[in-house]
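Sequence lines set the chain letters: A, B, ... in the order given, protein chains first and strands last, and positions in each chain run from 1. Just so it is clear, the structure is predicted and the values come from calculations on it, not from any experiment.
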Protein chains: 2
Amino acid sequence: MRYFEDIEVGTVEEFGDYHVTEEEILEFAEQYDPQPFHTDEDAANESAFGELVASGWHTAAISMRMLVDNHLLEQAGMGGRGADELRWQQPVTPGDTLSLRTEVLDKHRSESDPRRGYVDNAVEVLNQDGDVVLSYTVTGMIERRNPDE
Amino acid sequence: MRYFEDIEVGTVEEFGDYHVTEEEILEFAEQYDPQPFHTDEDAANESAFGELVASGWHTAAISMRMLVDNHLLEQAGMGGRGADELRWQQPVTPGDTLSLRTEVLDKHRSESDPRRGYVDNAVEVLNQDGDVVLSYTVTGMIERRNPDE
């Protein structure tokens, strides 16, 4: 298990391989973002996008799945506090294969609770062409191994 | 249909009624955020949360659904550009009923494309006790009715 003390600022990681199908784009959008350019191919063709595109919140959810699969389960995580500067830079379309690039930007102890610390990560979601489709920073809470030090 | 010109800065709206079930929390988390405190009641009881809680990205997706149901379909929307200051302020747990409060913070024309404008909205997701569980600002793109003016 990795604790707050084990996180090193500046660490860069690249990982993940998530294939996005039309079926999954439609399923997410019908439940959470039923705008026509996310749920209906004909309407999407007529829209500003010109084709069916994934909900931006779907892309964010996919990035979370890649984070969890790749290292969050090995961390003594206590949930997320927030995210900033979330930018949907390019559309995600059926058939795209996404991956992640993360960088540990900063970490600091909680002032109110000695058992936890905060870690700021920059996250970029890339498609198979290397384009950044989504970027954001996220602050996670993580247990300290030695709260008394 | 509401266009960029129809949006009034300062407009506040409260709406929505979204009942969050344990089944939906588990379903979203198993697909997109399989951390034990989102997918396993026993593990969640032992976690810092002390109970099963929804993924933060799930709460964001639910807020999108309420936005779409309540007014996005009446707008000439062209998708979202980004979100800022996303803060998961309180956990969302099975049985919660969520609603939204939105405020139009600002709007401005695109400098590069006369057909579109940008609208900044503050979004707060509240639970049945009136606690803000998630807050963020989001910038949406919207068509201008009169691109030539």
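Using modelled atom types, one side-chain atom of A/R65 and one backbone atom of B/E30 make a donor-acceptor pair closer than 3.5 Å.
Between chain B and the residues A/S63, A/P34, A/P36, the largest count of heavy-atom pairs under 4.5 Å involves A/P34. Each of B/M78, B/E85, B/R81 has some count of heavy-atom pairs under 4.5 Å with chain A, and the biggest count is that of B/R81. Contact count against chain A (heavy-atom pairs under 4.5 Å) is highest for B/E24 among B/Q89, B/R116, B/E24.
Contact annotation for B/Q90: neither backbone nor side-chain heavy atoms come within less than 4.5 Å of a heavy atom of chain A. Proximity to chain B (any heavy atom under 4.5 Å) is shown, for A/Q31, by both the backbone and the side chain. Of the two parts of B/L73, only the side chain, counted from C-beta on, holds a non-hydrogen atom closer than 4.5 Å to a non-hydrogen atom of chain A.
The line from OG1 of A/T59 to CH2 of B/W57 is 11.0 Å long, rounded to the nearest 0.5 Å. Interatomic distance, B/Y32 OH to A/Y18 OH, rounded to the nearest 0.5 Å: 4.5 Å. Distance check, rounded to the nearest 0.5 Å: CG of B/L72 to CG of A/D33 gives 8.0 Å. Atom-to-atom distance recorded for A/L86:CG and B/L86:CG is 7.0 Å, nearest 0.5 angstrom.
Closest approach of A/F37 and B/G79 over heavy atoms only: CZ-N, 3.8 Å. Here the closest non-hydrogen pair linking A/A83 and B/W88 is N-CZ3, 4.2 Å.
A/V9 and A/F4 end up in the same hydrophobic cluster when Ile, Leu, Val, Met, Phe, Trp and Tyr side chains are linked at under 4.5 Å.
Heavy-atom neighbours of chain A within the stretch residues 46-53 of chain B, taken at a separation under 4.5 angstrom, comprise B/A48, B/F49. Contact residues of residues 125-148 of chain B toward chain A are B/Y136, B/V138 (heavy-atom distance under 4.5 Å).
By the 4.5 Å heavy-atom criterion applied to side chains, B/D84 and A/R87 are counted as neighbours.
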(request) Mind running side-chain contact (heavy atoms from CB on, under 4.5 Å) on A/Q35 and B/M64 for me, showing each step along the way? (result) CA-CA 10 Å; A/Q35 299 184 84; B/M64 188 67 205; 3.3 Å; yes
